Amino acid sequence: METLELKARGISCGHCVSTIREAVTSLDGVEFVDGNILSRSVKLRHDPGRTSKSEIEKAMAGAGYPVTE
């Protein structure tokens, strides 16, 4: 398992975090997702052999929250 912390544009409330959580946990190999509204970031744990970082970023962008680095 690998832990990632990704900053995303547009995170401003609990609903935003829930939307991201729903989009990302639907991916194979994603085990845990938690968002931080103040830092506008998402921390997650995933199996990189089953789901890549780019797939996670694509799911977040598709949900309306593109990753910023």
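Since the structure is predicted, the reported quantities are computational estimates derived from the model, not experimental observations.
Take Glu22 and apply the side chain to side chain contact (heavy atoms under 4.5 Å, CB included) test, not counting sequence neighbours, and it matches no residue. With sequence neighbours excluded, the residues satisfying side chain to side chain contact (heavy atoms under 4.5 Å, CB included) with Val33 are Arg21, Val24, Thr25, Val30, Val42, Leu44.
Between Ser54 and Glu57, the side chains place no donor N or O within less than 3.5 Å of an acceptor N or O (distance only, hydrogens not considered).
Atom OG of residue Ser41 and atom CG of residue Asp34 lie 9.0 Å apart, to the nearest 0.5 angstrom. The OG atom of Ser52 sits 10.5 Å away from atom CD of Glu2, with the distance rounded to the nearest 0.5 Å. Separating the CD1 atom in Ile20 from the CG atom in Leu6 is a distance of 9.5 Å, to the nearest 0.5 Å.
No donor-acceptor pair under 3.5 Å is formed between the side chain of Arg40 and the backbone N or O of Ala8.
Closest non-hydrogen pair, Tyr65 versus Ile11, comes out as CD2-N, 4.0 Å. The shortest heavy-atom contact between Ser39 and Lys7 is O-NZ, 3.3 Å. The two residues Ala59 and Ala23 come nearest to each other via the heavy atoms O-CB, 3.9 Å.
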### Message
Applying side-chain contact (heavy atoms from CB on, under 4.5 Å) to Glu31 and Met1, what does each step give before you reach the verdict?
### Response
CA-CA 9 Å; Glu31 189 175 277; Met1 286 294 169; 3.2 Å; yes

### Task
Would you please test His46 and Leu4 for side-chain contact (heavy atoms from CB on, under 4.5 Å) and show each step?
CA-CA 8 Å; His46 74 109; Leu4 294 175; 3.5 Å; yes

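In the hydrophobic clustering of this structure, Ile56 does not group with Phe32; members are Ile, Leu, Val, Met, Phe, Trp, Tyr whose side-chain heavy atoms approach within less than 4.5 Å, directly or through other members.
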